[in-house]
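The structure appears below as structure tokens.
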Amino acid sequence: MNAALVMPGVPFGPLRAWVELLSSSLEMTALSPPTSEDEALPLIDRALRGDRRAFDEIYRRYADEVHRRVSRLVGPDPEREDLVQQVFIDVFRGLSRFRRESAFSTWLYRIVVNVSYEHLRRRQRRPAEVVALELVERADDRATPEEAARRREELLRGLALLERLDPRKRIAFVLRSVEGLSLEEIGAIVGAKAPAVGQRVKHAQRELAAMIEREEKRNRRPGAPS
Amino acid sequence: MRRADPACFEAEDQLALGAPSEEAARRVEIHLRHCARCRTRSEVVSSVASAVVEAAGPPLDELTRARIAARLQAEMDAAASRLARSKNALSEAIAPAGGFTPRIAGLGFSRWDRRGLTAAAALIVAVLGAYLLSLRLGADAPRTLLTPYVTAGTAARGGSAYASLGQGLERLQVSAGGLVRASIGDQGRVTLLGPALLEVRRVSAQEIVLELSAGTLVGEWEHGRGVDLRVLSRGLSATIVGTRFLIRCPESGDATVAVAEGIVAVESRGGRSRVGAGAASDRLAMSEEDARALAAEASALGPPVGARPAGIVVLAGTPQGAEVRAGGSTIGPAPIAAVLAAGHAELEASATGFVPAIKEVEVRPGAVATVGFALEPLPAIPPPAPAPVPFESLRPKASARPLAPAHPLASAHPLASASPEARPAEGPPLSAEALYREAEAALRDGDRPAARERLELILRWYPSDSSVEPALYDLARIAYEEGDTSKAQDAVERLLARGHDVAMREAASYLRCRLVLGQTEDGRWLAEVVACFRDFRRDFPASTHDPEVLLLLATAWARAGRCDTARPLLDEYLDRYRDLEGAATAQQWKERCGP
């Protein structure tokens, strides 16, 4: 082999460029971690005084968080981007009504939940949509085709089950079982008492389990597709 | 059955509400071992919860974030504009009513105040009544009929694609040096050259009235639909029945009209006149400046109706300013939003000193698609080897075929005489080593075609020679540098399928991952990148690329929201490569992922 042409030890520039790209995007987000309330309040004051840059800063700081939360509440929905936008429009319009009785993040979360709830309700009235399946394979281990197919099937089944839940129960379930919030925290966000939230979570779990049982019974019937 | 067993109730409660104590948790744990039904329920909850997390998708990318920010900006601008208008309307409504000021102290109003109040109330009632009447009679249509749009750079009148940029507006404002194009309903379009302000004043079934307060307006209005366009400007009212025209409202002095096609009826301080093609309202022939603006916009005004369905593609990446081409035509420098006809499109980004990249995109009508690219710098040409390694010492003797003495290439300098014309149609006149040396020299001279030709001859004539592996690698590199990723991929796969040389396999594996990096960034892309780099690390743990690969792998997982997988990799990086420049990046990601 001729080493002069191969140069295995010389790093390629583009890879480094990609690292830099990742680093730069990290810097943008690293500067804007989920902000503590102390940091958010001056921004809110400035935004209320009409300082457009303050609102830009609020968006910059909370966009990732809002996107993540919306994504978990509504799943891989093609309209997520619009929902994130709607959340910030609602924040923009309603900032003057933010009374600081709760933390800004709680208030923001409430808007996220409201927007997601309305979207889930609208979506339930529409015919079933195709879920963006390519996302499902995003971080797959790619161990074997069989395993990948099985994981994909599990994921789809989980999403399909969630889709059949009432939006209120679905939201309570996600906030409790996925986000790990306490019933009191969920209650503050969805505007309900903790026991009511607990019931929603329990019902959601019960319904999910019942759906699985029904599916399995159907599959056990003679002649059912295996 | 669950109903019969109180332990099932407790398990259900804990699943939903959490364990109140360690003892309770232990109790439920024991129960779950025996109760298949509760266990199933727990598994269902857990699997659905992980489905939620997994299906949530990657975090916001920068382009999407920027796109949302731009839309929010537009929304805030519109809201501010609405607020300003409503304030003006309120002050105008109150001012004629007598300019009263209610005296709060004592809550008493003077007689004049009461008169003012009565007048204001009467005015409000009258305005409200007129408004309701106008609604009832349908006198005026909504005024939000200026719809900004963009066209392809090569758009011609009556031809190419255009795409609307959202909802209609009733006011367009352009800063100095700016330009905005908008359609007026489906009957006309205007281009506003900044600094300029254009507002819709009235819309009815017979007439649309616009007001140009500043700047230059180039417009086109279609004749024959029974709706006239009237443009008000300083000291001027121009009625356009169907024509192509320009109205210029300077900073001082009255506005002027120039006409390229048709006739415009102009009412100004000087009286009424009709301005025909080639003329202007203030002179017999239009100025050169007006003629240039009209000519420039003539090719850019998009057709408002009957256009081919089109979508917008936003192309951005590194380096900024890379030239973007679509279908052989230059669109402009990136980042750029291009309007492309719906369907499959290939976009090519290129910049001096970088390997061009081709991105494929499916353009959907009316939709915005974003495409990112990161052009890779052209690698430096390897320096000439001071003393070429004698191939005979590295290769099996069987492969070191002697030159055919009768062949003309055999006695001449390899590159001086080895033109394609001089090459024989068949038969191997040169040894694999000689061909490789020629390829090497050609690459040093930057002559890729000549190098490729010789490398391909090695594959054809000496398929089992050990030179095939470096030849394949070099072919992959050449194809990669030329932007032919499929050819590069093919060569890399062939090399990996037969490669026994570890260094060669390492280089090829690395190149393969590079190729995956350059692919379209769809949902599978991340999985493929991660898998490729993970395999690379497994196969070549001592590679010099390991720091970069490890960091890429870790950050890719972290960006996908899989901090649990990313964290140990980041720790490993910080442990092994804490002195490298990537350590700061790794540390930031680690902090972001949390403990």
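Letters go in sequence order (proteins before strands), and every chain restarts at 1. From a predicted model like this one, the values you see are computed outputs, not experimental measurements.
- Within the 4.5 angstrom heavy-atom criterion, only side-chain atoms of A:L162, from C-beta onward, approach chain B.
- Highest contact tally toward chain A, considering only B:L15, B:T40, B:T565, is held by B:L15 [criterion: heavy-atom pairs under 4.5 Å].
- When A:R176, A:R68, A:R157 are compared by the number of non-hydrogen pairs under 4.5 Å with chain B, A:R176 comes out ahead.
- Interface residue A:E213: only side-chain heavy atoms are found under 4.5 Å from chain B.
- Proximity to chain B involves both the backbone and the side chain of A:I89, based on heavy atoms less than 4.5 angstrom apart.
- Rounded to the nearest 0.5 angstrom, A:L83 CG and A:H67 NE2 are separated by 9.5 Å.
- Partners of B:A69 under the side chain to side chain contact (heavy atoms under 4.5 Å, CB included) rule, at least two apart in sequence or in another chain, are A:Y59.
- A salt bridge between B:E433 and B:R437 is absent, with no side-chain N of the basic residue lying under 4.0 Å from a carboxylate O of the acidic one.
- Separating the CZ atom in A:R168 from the OH atom in A:Y117 is a distance of 3.5 Å, to the nearest 0.5 Å.
- Stacking of A:R69 on the aromatic ring of A:Y109 is recorded, both the 6.0 Å distance cut-off and the 45° axial limit being met.
- Most heavy-atom pairs under 4.5 Å with chain B, from the set A:V197, A:D82, A:L73: that is A:D82.
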